[in-house]
There are 2 protein chains.
Amino acid sequence: MNKSKEKILASAKELFHEYGFQQTSVDEILKKSGVTKSNFYYHFKSKEELGLIILERFIKQYEADVLMKTLGNKSLDPSERLIEFYKAVRMFHRDLHNPKGCPFGNMAIEMSGSNENFREKLSAFFNSWEKVIEECINEGMSTGDFRSDLHPGVVAQLILSHLEGAIMMVKTHRSIEPLSSGSETIMRLLKAA
Amino acid sequence: MNKSKEKILASAKELFHEYGFQQTSVDEILKKSGVTKSNFYYHFKSKEELGLIILERFIKQYEADVLMKTLGNKSLDPSERLIEFYKAVRMFHRDLHNPKGCPFGNMAIEMSGSNENFREKLSAFFNSWEKVIEECINEGMSTGDFRSDLHPGVVAQLILSHLEGAIMMVKTHRSIEPLSSGSETIMRLLKAA
DNA sequence: TTATTAGGACTAACTAGTCAGTACTAAACA
DNA sequence: TGTTTAGTACTGACTAGTTAGTCCTAATAA
């Protein structure tokens, strides 16, 4: 059931990631999903509603498929978790022919200035993402994996900021290098003396 | 002379920074600058041409007013230069009611996937920006300001990536904190042992 | 029966861009 | 001296296409 609705969600998710929310027209979503306009507006009351639903779903999927399986994997050492996390992110951005950037970072830059609904959701997600990193750093400081002369929260914030900036560079330079060498350097800087 | 042309450039620069290139219509630029459409197309052959000219000008202005006066200020110690640079960036983003983000980072995310002219200009500028940072880091490693067990180029790349990500966070969270605490942490991590 | 899908015509506002023609100035010419 | 020419800056009306979203009808599942 709801075959059309799922088709719309899947198509729009890809289009929003590649072209951005505002630069993707409803007609393009219709064309890609093969759904009629009336059916679209039967399922979603507006393009904005669709965008917010897709954002929510993407967040939940990312938390489950990436964050929990790497940073939240308690069977690994904290530093191994961080390495696995970076590996997963590199995998996510491995299409270097046309890197699409971070779906959350893209949307944050595109929408934060013009739509509070998007901004608030993204701000909350970045905070929660940071918390997951912080827990890993905190534990790594206890185990001696990481140097412990810094606040875990501040380090987590630095890691997330750097990650988003590095993905921006990957997209702009069409090269994975800023992400791979940047994450390596972060790991070295965090190593306990 | 060329009063209209300068008005267009000034208005469009602000609008592009606040709303992005694609989200700013020619009509909005016309309205803000008080210039007629036909006059606009007398001075610029297309909206894209205007965007590229504004990007070029913004780059030159930023290099002269920010980069050269801070990171390129040879009368300061390398670590002081970096501190001054961060201070200047924070000043640039001090409007926290509605932080507009980095004009270059915004444009990179918005345009890199769809327009090679913008992408190439931004990629080249990020490289040159990185070089300016690298020179400062390199000198700081010689003077003992910074730890010298890392490649200056890699550190410079990390600093720029982090900066762009931090500015993205400032825009999303509407708080300067990710930038101020992040830059402080970067300074501490770079300190020689 | 109720939820879903299809079709298509339609709107009002907005999009980038074009066009023929005007006003002004300053140099070149006769 | 007056006249022509040329370049610059500018104007209002216009086009063709796109935008998100509406409305109504009818067919097709569950």
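Just so it is clear: chains get the letters A, B, ... in the order the sequence lines come, proteins before strands, and each one is counted from 1. Values reported hereafter were calculated over all heavy atoms of this structure, with side chains retained and with hydrogens, waters and symmetry mates removed.
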- Can you tell which of dA20(D), dA16(C), dT5(C) lies closest to the side chain of N39(A)? dT5(C)
- Would you say a side-chain N or O of Y42(B) is under 4.0 Å from OP1 or OP2 of dC10(D)? no
- Rounded to whole angstroms, how far apart are OH on Y41(A) and P on dA6(C)? 17 Å
- NZ of K3(A) versus P of dT5(C): gap in Å, rounded? 8 Å
- Query: Strictly by modelled atom types, are N73(B) and S75(B) linked by a side-chain donor-acceptor pair under 3.5 Å?
  - Reply: yes
- Message: Regarding dG12(D), can its base be found pairing with the side chain of S38(B) as donor and acceptor, where the two atoms are less than 3.5 Å apart?
- Response: yes
- Task: For the residue pair Q22(B) and K47(B), confirm or rule out a side-chain donor-acceptor distance under 3.5 Å.
- Result: no
- Rounding to a whole Å, what distance do you find between I8(B):CD1 and dC10(D):P? 8 Å
- Message: How many whole angstroms separate atom CD of Q23(B) from atom P of dT19(D)?
- Response: 14 Å
- Report the distance from atom CG of L30(A) to atom P of dT19(D), rounded to the nearest whole Å. 11 Å
- Query: Atom CG of L50(A) to atom C1' of dG21(D): distance rounded to whole Å?
  - Reply: 14 Å
- Query: What's the OH-P distance between Y19(A) and dT19(D), to the nearest Å?
  - Reply: 13 Å
- Message: Tell me the interatomic distance from E28(B), atom CD, to dT15(C), atom P, rounded to whole angstroms.
- Response: 6 Å
- Message: Just N and O in the side chain of S25(A): are any of them under 4.0 Å from OP1 or OP2 of dT18(D)?
- Response: no
- Task: Looking at every strand, decide which applies to K37(B) at a 4.0 Å heavy-atom threshold: base, sugar-phosphate, or nothing.
- Result: base
- Could you work out which one of dA9(D), dT5(C), dA16(C) sits closest to the side chain of H43(A)? dT5(C)
- Message: From the set dT4(C), dG17(C), dA20(D), return the single nucleotide nearest to any side-chain atom of K47(A).
- Response: dA20(D)
- Please state whether the rings of F92(A) and H17(A) are parallel, tilted or perpendicular, taking 30° and 60° as the class boundaries. tilted
- Task: Please determine if E84(A) and K69(A) form a salt bridge, counting it only when a charged side-chain N lies under 4.0 Å from a carboxylate O.
- Result: no
- Task: Indicate the ring-plane relationship of F104(B) and Y62(B), choosing parallel, tilted or perpendicular according to the 30° and 60° boundaries.
- Result: perpendicular
